[in-house]
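Throughout, numbering of the chain's residues begins at 1 and tracks the sequence.
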Amino acid sequence: QVRLVESGGGLVQAGGSLRLSCTSSQAHFSVWTMGWYRQAPGKDREEVARMTSNLRETYYAASVKDRFTITRDNAKNMVFLQMDRLKPEDTAVYYCNSAPTQYYSWGPGTQVTVSS
């Protein structure tokens, strides 16, 4: 019944930017560390970023560090991922969920495609 909804993906040229959003009408993100994950075709899902509920701590995978920025607005029950200087290797379906334990079912994700 809990539905996570990701949005903001699209097709961009290498070096471009996208801002992803995550929200849910049922889940209360404010109590959890929240993260962004991605999965490319034929590859395992991987975590790329997380932020604690109080916004004081963040984590980034080495592959996206210095290019991606996770933010959140607990009052709006939203989590964001600002992606800058995108690379073709960033092409994947992006998902949000709690971290490090995923307490929610995976949502549909949002497709990010970076062309060269």
What residues, two or more places apart in sequence or in another chain, satisfy side-chain contact (heavy atoms from CB on, under 4.5 Å) together with P88? A14, V114, S116

For the side-chain contact (heavy atoms from CB on, under 4.5 Å) test, which of V48, L81, I70 pairs with V64? V48

Residues at least two apart in sequence or cross-chain that pass side-chain contact (heavy atoms from CB on, under 4.5 Å) with S98, listed by chain then number, are W32, M34, Y103, Y104

With a 4.5 Å cut-off on side-chain heavy atoms, are K76 and S21 touching? no

Linking Ile, Leu, Val, Met, Phe, Trp and Tyr by side-chain heavy atoms under 4.5 Å, what else ends up with V93? Y37, Y95, W106

Test of understanding: with side chain to side chain donor-acceptor pair (under 3.5 Å), list the residues that count as partners of D44, not counting sequence neighbours. none

Quick one: which residue pairs count as a disulfide (SG to SG under 2.5 Å) with a foot in residues 66-116, not counting sequence neighbours? C22-C96

Quick one: name the residues clustered hydrophobically with M78, using the 4.5 Å side-chain heavy-atom rule over I, L, V, M, F, W, Y, and just say none if it's on its own. F80

Pair L20-E6, side chain to side chain contact (heavy atoms under 4.5 Å, CB included): steps then yes or no: CA-CA 7 Å; L20 308 184; E6 301 94 348; over 6 Å; no

Strictly by disulfide (SG to SG under 2.5 Å), give each pair with a member in residues 24-53 just once, sequence neighbours left out. none

Please confirm whether the backbone N or O of T33 pairs with a side-chain atom of T52, one donor and one acceptor, at under 3.5 Å? no

Run the side chain to side chain donor-acceptor pair (under 3.5 Å) test against T110 and tell me which residues pass, sequence neighbours left out. none

With a 4.5 Å cut-off on side-chain heavy-atom distances among I, L, V, M, F, W and Y, is there a chain of contacts connecting L55 to F29? yes

For S17, all residues meeting side chain to side chain donor-acceptor pair (under 3.5 Å), sequence neighbours excluded: D84

How would you list all residue pairs meeting ring-ring contact (aromatic ring centres under 6.0 Å, His included) that involve residues 50-70, not counting sequence neighbours? none

Run the side chain to side chain donor-acceptor pair (under 3.5 Å) test against S7 and tell me which residues pass, sequence neighbours left out. none

Does the side chain to side chain contact (heavy atoms under 4.5 Å, CB included) test come out yes or no for Q111 and T91, once each step is laid out? CA-CA 8 Å; Q111 176 71 51; T91 295; 4.0 Å; yes

For the hydrophobic clusters of this structure (ILVMFWY residues joined by side-chain heavy atoms under 4.5 Å, transitively), does one cluster hold both V31 and V79? yes

Provide the full list of salt bridge (charged side-chain N to carboxylate O under 4.0 Å, His left out) pairs with a residue in residues 48-75, sequence neighbours left out, each pair given once. E47-R50, R67-D90

